[in-house]
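Note sheet for the following structure.
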Amino acid sequence: MAVTAHYIIRVEDRRLVLKGCLIVFKHIVGHHDGASLARAFFAVLEEEGVTRKVGSIAMDSATSNDTKMEGLETHFASRRIVFDRNGNRVRCFPHSVNCSVKAVLESIKSDPIIPVIATSSMSTMSHQELSAYADALVSDPVRRVRELVGACRKSGERRAALQHVIKEGNKANLWGQNKKVPELQLLRDCDTRWSSTYQMIGRALSLYPAINMFLNSDDHRDLARLQLSPMQLKVLVDLHQILQAPHAAQEVLSSSRTPTLSMALPSYELLITVWKSTREKIPEMSHFINAGIQRLEKYVRLARKTRVYALAMIINPTMKLEWMRDNWVAVDVEQAKMWMQDVMAEFAQHIRLTAMQSRPTPGVHNAATAAAAALKKGQSLLKSLSNAPRRSASTSSISDPPHTLPSTPTQSVSRSASTPGIPSSSGSPMPSSSPPQTASASCPASAPPSRDSTPHSSPSMSPLPADITAASLELSRYSTEGLYEPEVDEHGEEVEVNLLEYWERREHQYPLLFRVALDVLPAQASAVPCEEVFSSSKETITDRRTNMAPDLLSELQVLKHAYRQDRLSFTAKVVVNECDYVLEGGVTAAAAQELLAVGKFSELEDLLANV
């Protein structure tokens with residue numbers, strides 16, 4: 001069982017940094033049912049002394065994890081700590097999307113004929129073509145691609161031969177005028193790897209002209225039986241187009257170093273919208289797409305039982321309450337607003353009590369920073385898919401749609417008709433991520449984020465009217481300020497908003513919302529951190545280390561994770577930063593400290609006077 005924690009710290013130059021750490025990589029002895037995992041997980045929290053610092057726990061949607069949350073609710077209650085099995089849970093977004101993809105594929109396997117023939121009134125195909133399309137589905141084209149990939153990759157000789165065919169075909173222009181087959185290897189899929197089926201199909205389709213020539217060569221005629229028929233290729237092209245939207249959605253929310261939870265519900269809704277659009281373009285697949293949509297709508301209903309999703313959207317300055325107003329009914333928007341106001345009032349109460357007791361306000365706790373290239377790419381791709389036409393059966397058409405950056409991450413998202421109202425819950429605004437036998441918890445970074453994780457105030461003490469008024473006024477001021485307009489780079493594209501930097505600059509402008517942001521921004525929308533721990537463990541337990549004791553493996557994994565998160569740097573403080581020496585603009589903190597250190601007070605005074 002892997003447990004990772006995510007939190008925010010403030011470094012020496014007062015910057016906020018999002019960080020994550022591996023708390024434990026533990027061998028679970030005995031049954032791996034929910035009750036056993038709950039006992040093991042709670043024991044880890046008690047050993048680390050963080051039982052009162054856990055906000056939300058993220059894990060996948062396995063049934064054993066439902067039982068685990070029930071067990072944790074009982075354990076926390078025995079320590080007189082408020083904890084809710086639904087309110088304190090965040091479901092891994094990529095895993096939920098992957099389950100929806102599996103629902104589509106399983107629906108095809110269960111009944112591939114009748115649903116296709118039933119679309120005769122909507123399809124542009126003739127009855128004969130529909131029958132051929134259904135027969136192609138019966139042949140299980142995904143399995144056929146899997147067999148094809150396995151045969152072509154079976155030996156180094158075959159892999160080299162396929163590459164030779166690709167290179168010679170490109171030189172001789174055998175694939176058509178100005179068409180090139182990429183010089184790449186085929187990919188295998190894996191049941192536990194998100195998007196691997198989509199990537200396997202896409203790579204096979206892009207290389208198929210060369211594969212077809214390879215299968216018909218004199219040296220490999222025994223493999224000719226693996227050739228795909230034109231209708232099987234057409235089905236694979238359609239299936240690849242259906243799976244492209246989930247892949248883009250997973251890419252949006254798989255980053256562990258960039259706050260992404262605010263995009264979870266909008267991405268669910270956008271994926272549903274894209275699939276509904278695809279259903280109209282590929283009516284032969286509409287029944288199977290519906291199976292995926294129904295699974296997504298189930299996860300949307302479950303996600304809206306946890307208020308951290310609403311809090312994360314509100315503290316995203318490009319969304320605030322606007323996305324909710326566009327996609328939720330008014331009563332749900334008001335409920336989300338009250339959730340935020342309640343949390344802010346608790347912070348106001350804590351600040352007031354702390355001032356009365358002459359105690360300093362607790363500092364910030366945690367760290368992690370990150371580039372959002374994949375996030376930006378995924379958002380652009382996901383939104384472009386809703387307008388993408390149905391592809392032709394030509395394998396040369398298998399390519400990503402053009403990536404056009406959306407103006408804001410809140411636009412072009414429609415509401416799912418079956419999405420219910422937001423139920424009340426006692427969820428905390430501090431989530432994390434983890435796979436089936438893993439869990440990760442995000443820890444409060446400042447004062448009490450909610451009653452679920454507040455060691456500072458008694459649950460019997462309610463905020464005073466003055467606290468509620470202060471919270472209401474600040475939230476109203478923040479809402480009426482309008483949406484934040486992202487900056488534009490030299491290419492005319494919007495720059496991804498760095499939420500940590502945004503709230504770092506507004507610590508004193510919105511002190512209560514700033515404290516909420518410290519607890520919500522570490523929220524992990526995916527299980528990527530824990531999945532990486534398990535992937536890394538395979539590199540630790542090699543064939544020559546199979547007798548390694550579980551305790552030693554745990555210690556090595558914790559050390560590896562720590563070193564990878566915080567690599568040593570002996571030049572970070574001595575490398576010159578150009579912005580510290582430009583004459584235009586304000587004086588940076590580093591430039592001011594350098595002048596103060598050498599006693600050049602008059603020069604610093606002149607610079608400040610000229611700003």
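Residues take their numbers from the sequence shown, with the count starting at 1.
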Please tell me if the side chains of E485 and T318 come closer than 4.5 Å, counting only heavy atoms from C-beta onward.
no
Minimum heavy-atom distance between A303 and Y309, given as atom pair plus value
O-CD1, 3.1 Å
May I ask you to decide whether R307 forms a salt bridge with D342, counting only side-chain N to carboxylate O separations under 4.0 Å?
no
As an exercise, state the distance from CD1 of I315 to CG of L499, rounded to the nearest 0.5 Å.
7.0 Å
When you measure from the centre of the six-membered ring of F93, is the NZ or CZ of R91 under 6.0 Å away and within 45° of the axis?
no
Pairwise distance CE(M319) to CD1(I314) - rounded to 0.5 angstrom
10.0 Å
I'd like to know whether F76 forms a side-chain contact (heavy atoms from CB on, under 4.5 Å) with L45, so could you lay out the CA-CA distance, the side-chain angles of the two residues, the decisive distance to 0.1 Å, and finally the verdict.
CA-CA 11 Å; F76 277 104; L45 298 181; 3.7 Å; yes
CE on M313 to CH2 on W323, rounded to 0.5 Å:
5.0 Å
Which heavy-atom pair separates R477 from T480 by the least distance, and what is that distance?
O-OG1, 3.2 Å
Residues E507 and R10 bridged, charged N to O under 4.0 Å
yes
Check the orientation of Y502 and Y484. Use parallel for under 30°, tilted for 30 to 60°, and perpendicular for over 60°.
perpendicular
Please name all residues satisfying side-chain contact (heavy atoms from CB on, under 4.5 Å) with R85, sequence neighbours left out, ordered by chain then number.
M69, E70, E73
Rounded to the nearest 0.5 Å, how far does CG of D60 lie from SG of C530?
10.5 Å
I would like to know whether Y478 and W503 meet ring-ring contact (aromatic ring centres under 6.0 Å, His included); could you show each step before the answer?
CA-CA 12 Å; Y478 172 72; W503 285 107; 5.6 Å; yes
Test item: side-chain donor near acceptor, S195 and Q250, under 3.5 Å:
yes
Would R301 and E297 count as a side-chain contact (heavy atoms from CB on, under 4.5 Å) here? Give the steps.
CA-CA 6 Å; R301 291 192 294 270; E297 289 173 343; 4.0 Å; yes
Given R79 and E46, is the salt bridge (Lys or Arg N to Asp or Glu O under 4.0 Å) satisfied, shown in steps?
CA-CA 11 Å; R79 302 297 189 275; E46 289 194 312; 2.7 Å; yes
Heavy-atom closest pair (R515 atom, P511 atom, distance to 0.1 Å) is NH1-O, 2.9 Å
Quick check: closest heavy atoms across W339 and L311, and the distance to 0.1 Å?
C-CD2, 4.1 Å
Under the criterion side-chain contact (heavy atoms from CB on, under 4.5 Å), I'd like the reasoning laid out for V90 against I57: C-alpha separation, chi angles, the key distance, then a yes or no.
CA-CA 6 Å; V90 173; I57 303 170; over 6 Å; no
Lys/Arg N to Asp/Glu carboxylate O, K320 vs E481, below 4.0 Å:
yes
Applying side-chain contact (heavy atoms from CB on, under 4.5 Å) to A348 and not counting sequence neighbours gives D467, L512
So, for L513 and E474, which heavy atoms are closest and what is the spacing to 0.1 Å?
N-OE2, 2.8 Å
Distance in Å, F83 CZ paired with S78 OG, rounded so as to fall on 0.5 Å steps:
12.0 Å
Of all heavy-atom pairs between S536 and Q557, which one has the smallest distance, and what is that distance?
OG-NE2, 3.4 Å
dist L521:CG -> S262:OG (nearest 0.5 Å) comes out at 8.5 Å
Test: R15 and E501 ion pair at under 4.0 Å:
no
Using the rule given for side-chain contact (heavy atoms from CB on, under 4.5 Å), can you reason through R52 versus I81, listing the C-alpha separation, both sets of side-chain angles and the distance that settles it, and then say yes or no?
CA-CA 7 Å; R52 292 186 177 273; I81 301 174; 3.6 Å; yes
Could you check whether any side-chain N or O of S476 sits under 3.5 Å from a backbone N or O of S472, counting only pairs where one atom can act as donor and the other as acceptor?
no
Is it true that R89 and D66 have a side-chain N and a carboxylate O under 4.0 angstrom from each other?
yes
